[in-house]
Amino acid sequence: MLLLGIAVTMVSTILVTEVDKSWTPGSVTRGVLSAVLVLFSGVYVNLMLAAILKVWRDPGSANRSLAKTVKDVRGWLSETPRRIGIALTIAAIVAAGLALRPSPPPDTGLEAGELIIMTAFDESPSDPRTMLIKQWNQLHPANQAKIVAVPGEPDQQNARMVNDAKPDGAHEADVYVLDLVWMAQFRHEGYIRELDRSTLTGLDDFVPKVLGTCVHDGKLWGLPLNTDVGLLYYRTDLPEAVKPPTKWEQYFGEDAAAAAAATPGVEAANAAALANEEILTVTALEAMWAAGGKTFGENGDVAQNEDKTTVQLGANDEIGLGRLAAAAHDDNVVVTDEVRSTTDDGAVRTFAEGRTLYMRNWPVARDGLRDQVEFRVAALPTASALGGQNLAIRAGTDKPRAAQALIEFLTGAPSQLILSEIGGFAPTRQSAYDNAERRELQELRTALNNARLRPVTRHYVEFSRVFRDGVAEAINDRSGRLKPETLQQLAKILNQ
């Protein structure tokens with residue numbers, strides 16, 4: 001009787017101490033079971049004391065009662081059905097106990113081992129992203145982060161990361177630095193894993209539009225490392241003041257041509273970049289949006305005809321492309337003999353040499369202009385294409401908690417302020433804009449609020465290549481029109 005009392009009291013005590021405070025069916029069932037055992041334990045202790053007193057006062061009576069009980073039990077157990085019933089009852093009690101026992105708390109420690117970050121940026125000592133990784137390594141000696149740089153153009157970088165992430169890939173990386181237009185591809189193909197929201201804090205500090213590039217169907221697939229948006233750079237060292245344009249034509253159209261023609265020593269109005277790379281896709285989209293085009297929607301949707309056999313351009317979209325084609329052949333608007341081979345970096349050199357009044361470029365171009373030409377920046381007068389890079393965790397990594405801790409560190413509020421103030425990157429957190437020392441960051445914030453997504457598709461790399469090939473052809477033949485077969489091919493890519 002004493003051993004039974006100890007066992008019941010011990011079990012009830014364990015259940016009470018392990019009870020889950022959350023209101024789930026399992027926790028409520030455990031709570032009820034705990035209460036029943038505690039009640040039974042209390043009653044049993046009193047019965048046990050009464051039995052002990054009876055044995056003490058009348059041993060003979062106790063022995064007779066015990067002998068009769070043993071005899072009755074032996075007779076009862078001799079029946080096979082009853083023995084089977086007892087065995088099943090015991091098995092059911094054991095199974096219920098195992099099922100109702102609270103599961104052990106998850107292991108929240110970081111898995112030890114090196115973390116590989118696959119990225120397109122170089123491991124330059126002066127790059128603030130590299131500086132942040134060094135800080136992480138000092139704080140986490142058991143989880144040293146190492147950069148694996150992927151060279152080449154964006155399409156080549158994408159292919160390299162896909163080859164690492166796919167099921168039969170090398171699986172070298174734990175974390176990918178992904179261009180935001182690749183997120184749909186990596187998510188859909190199962191190359192990256194969903195983040196554990198339960199351990200994340202400060203998500204409401206991210207710029208909603210930027211964090212939204214990491215969210216799909218309510219699931220979080222990464223965190224934004226840096227965002228990107230077009231800014232307009234304009235000269236402040238000329239006798240005639242150059243003012244921030246209020247419309248696209250003032251830096252990329254007829255008004256821009258007139259301003260350049262009236263300014264001595266200036267070759268053209270705009271240090272435009274129309275090389276057949278991703279910048280051409282961005283420039284064409286921005287020209288269409290500036291004309292009021294709606295084929296490419298604000299949230300990454302693309303208009304198609306009813307049976308989805310072709311992308312459907314509106315009249316304003318065609319006007320925008322026509323204006324872009326005309327500007328590309330106007331000596332007063334762009335440096336025509338270079339424009340179709342000019343990249344973002346080439347545009348920076350042209351503007352820094354004082355050859356143009358304006359330049360549309362990304363925020364990081366600011367540091368390339370330092371001490372070369374006097375300028376200021378302004379938000380584009382019309383919508384810009386949203387850019388940026390997100391950090392995502394490879395689906396098959398064996399260090400998911402450590403990888404998530406690393407990307408939380410790199411995207412945290414202090415890190416974002418460092419990336420912004422030292423590196424010139426567009427930060428992804430509201431707090432970085434609120435505490436910014438750099439004057440142009442508020443213009444950047446305005447541009448970010450007006451930015452639009454490029455087409456959201458898991459086949460973006462192919463879509464952009466076909467689109468910009470079509471735009472390049474439309475510029476070269478001066479028509480400014482995308483061919484029907486190009487529009488049909490774009491629709492086929494979207495729907496495959």
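Side chains of Asp179 and Asn158: no donor on one and acceptor on the other come within 3.5 Å. Side-chain contact annotation: Asp228 with Asn226, donor-acceptor N/O pair under 3.5 Å absent. A side-chain donor-acceptor contact under 3.5 Å links Thr213 and Asn390. Side-chain atoms of Arg129 and Gln389 include a donor-acceptor pair closer than 3.5 Å. For the residue pair Ser431 and Asn435, no side-chain donor N or O sits within less than 3.5 Å of a side-chain acceptor on the partner. Defined by atom type and a distance below 3.5 Å, a donor-acceptor pair is present between the side-chain atoms of Gln496 and Glu462. Between the side chains of Thr246 and Gln250, at least one donor N or O lies within less than 3.5 Å of an accepting N or O. One side chain, Asp317 or Thr295, offers a donor N or O that lies under 3.5 Å from an acceptor on the other. The closest side-chain donor-acceptor pair between Glu111 and Asn143, if any, does not fall under 3.5 angstrom. In the model, Lys308 has no side-chain atom that pairs as donor or acceptor with a side-chain atom of Asn305 under 3.5 Å.
Of the candidates Asp127, Ile117, Leu115, Ile133 forms a side-chain contact (heavy atoms from CB on, under 4.5 Å) with just one, namely Ile117. When each of Arg465, Arg454, Glu153 is paired with Glu278, the side-chain contact (heavy atoms from CB on, under 4.5 Å) condition holds for Arg454 and for no other.
Here the closest non-hydrogen pair linking Ile192 and Ala392 is CG2-CB, 3.7 Å. Contact detail for Leu441 and Ser420: the closest heavy-atom pair is CD2-OG, 3.1 Å. Residues Pro154 and Trp182 share a closest heavy-atom pair of O-CZ2, 3.2 Å. In terms of heavy atoms, Ala426 sits closest to Pro363 at CB-CG, 4.1 Å. In this structure, Ala272 and Val339 approach most closely via the heavy-atom pair O-CG2, 3.8 Å. The shortest non-hydrogen separation linking Val229 to Ser384 is CG2-OG, 3.6 Å.
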Go through Asp217 and Arg187 one step at a time and tell me if the salt bridge (charged side-chain N to carboxylate O under 4.0 Å, His left out) criterion holds.
CA-CA 11 Å; Asp217 289 341; Arg187 181 189 67 243; over 6 Å; no

Assess the residue pair Tyr233 and Phe375 against the criterion (ring pair (Phe, Tyr, Trp, His ring centres under 6.0 Å)); give the C-alpha distance rounded to whole Å, side-chain angles, the decisive distance to 0.1 Å, and a yes or no.
CA-CA 6 Å; Tyr233 294 75; Phe375 68 94; 5.8 Å; yes

After noting the C-alpha distance and the side-chain angles of Val175 and Arg394, does the key distance pass the side-chain contact (heavy atoms from CB on, under 4.5 Å) rule?
CA-CA 6 Å; Val175 173; Arg394 183 172 63 82; over 6 Å; no

Passes ring pair (Phe, Tyr, Trp, His ring centres under 6.0 Å), Phe467 versus Phe296? Steps please.
CA-CA 12 Å; Phe467 176 73; Phe296 299 94; 5.4 Å; yes

Gln488/Thr309 under side-chain contact (heavy atoms from CB on, under 4.5 Å): CA gap, chis, key distance, verdict:
CA-CA 6 Å; Gln488 292 165 8; Thr309 57; 5.9 Å; no

Applying side-chain contact (heavy atoms from CB on, under 4.5 Å) to Leu211 and Leu223, what does each step give before you reach the verdict?
CA-CA 7 Å; Leu211 184 63; Leu223 290 176; 4.3 Å; yes

For the pair Thr119 and Ile147, evaluate side-chain contact (heavy atoms from CB on, under 4.5 Å) and give the outcome as yes or no after the intermediate values.
CA-CA 7 Å; Thr119 176; Ile147 294 175; 3.5 Å; yes

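A donor-acceptor pair is defined here as one N or O able to donate and one able to accept, closer than 3.5 Å; such a pair exists between the side chain of Thr397 and the backbone of Lys399. A donor-acceptor contact shorter than 3.5 Å links the side chain of Tyr433 to the backbone of Pro427. Remark: side-chain polar atoms of Gln372 are paired, donor with acceptor, to backbone N or O of Gly368 under 3.5 angstrom. Although no hydrogens or angles enter the test, the distance criterion places no donor-acceptor pair under 3.5 Å between the side chain of Gln156 and the main chain of Pro151.
Using a 4.5 Å cut-off on side-chain heavy atoms (C-beta onward), Ile407 and Tyr176 make no contact. In this structure, Leu391 and Leu410 have side chains that are in contact, with non-hydrogen atoms separated by less than 4.5 Å. Side-chain contact check for Ile475 versus Leu324: some heavy-atom pair is nearer than 4.5 Å. Inter-residue side-chain proximity for Gln304 and Asn495 is flagged as met; some heavy-atom pair is nearer than 4.5 Å. Side chains of Thr227 and Leu386 form a contact here, defined as non-hydrogen atoms less than 4.5 Å apart. Val207 has its side chain out of reach of Arg445: every pair of non-hydrogen atoms, C-beta onward, lies at least 4.5 Å apart. Residues Leu231 and Trp362 form no side-chain contact, since every pair of their non-hydrogen atoms from C-beta on lies 4.5 Å or further apart. In this structure, the side chains of Val364 and Phe425 come closer than 4.5 Å at one or more pairs of heavy atoms.
Note that Arg452 lies in the cation-pi zone of Trp289, set by a 6.0 Å cut-off to the ring centre and a 45° limit from the axis.
Rounding to the nearest 0.5 angstrom, the gap separating the CD atom in Gln404 from the CG atom in Asp174 is 13.5 Å. Considering OG1 of Thr283 and CD of Glu277, their distance stands at 11.0 Å, rounded to 0.5 Å. For the atom pair OG1 of Thr342 and CG of Leu280, the computed distance is 11.5 Å after rounding to the nearest 0.5 Å. Within the model, atoms CG of Leu180 and OH of Tyr460 stand 9.0 Å from one another, a figure rounded to the nearest 0.5 Å. Considering OH of Tyr191 and CG of Asp164, their distance stands at 11.0 Å, rounded to 0.5 Å. Taken from NZ in Lys209 to OG1 in Thr428, the straight-line distance is 15.0 Å, to the nearest 0.5 Å.
Under the 4.0 Å criterion applied to side-chain N and carboxylate O atoms, Arg376 and Glu440 are not assigned as salt-bridge partners. In this structure, Glu286 pairs ionically with Arg360, as a charged nitrogen and a carboxylate oxygen lie closer than 4.0 Å. Ion pairing between a basic and an acidic side chain is recognised when a charged N comes within 4.0 Å of a carboxylate O; Lys243 and Asp255 show no such pairing. A salt bridge links Asp237 with Arg235; the closest basic N to acidic carboxylate O contact falls under 4.0 Å. A salt bridge does not link Asp196 to Arg401: none of the charged nitrogens lies less than 4.0 Å from a carboxylate oxygen.
Remark: Glu172 engages Arg160 in a salt bridge (Lys or Arg N to Asp or Glu O under 4.0 Å) (not counting sequence neighbours).
Under the salt bridge (Lys or Arg N to Asp or Glu O under 4.0 Å) criterion, the residue pairs touching residues 322-347 are Glu249-Arg323, Glu338-Arg355, with sequence neighbours excluded. Screening residues 473-496 for salt bridge (Lys or Arg N to Asp or Glu O under 4.0 Å) gives Glu318-Arg481, Glu473-Lys483 as the qualifying pairs, with residues at least two apart or on separate chains.
For CD of Glu254, the number of neighbouring non-hydrogen atoms (other residues, nucleotides, ligands) closer than 6.0 Å is 12 at most. The environment of CD in Glu240 is sparse: at most 12 heavy-atom neighbours from other residues, nucleotides or ligands sit within 6.0 Å.
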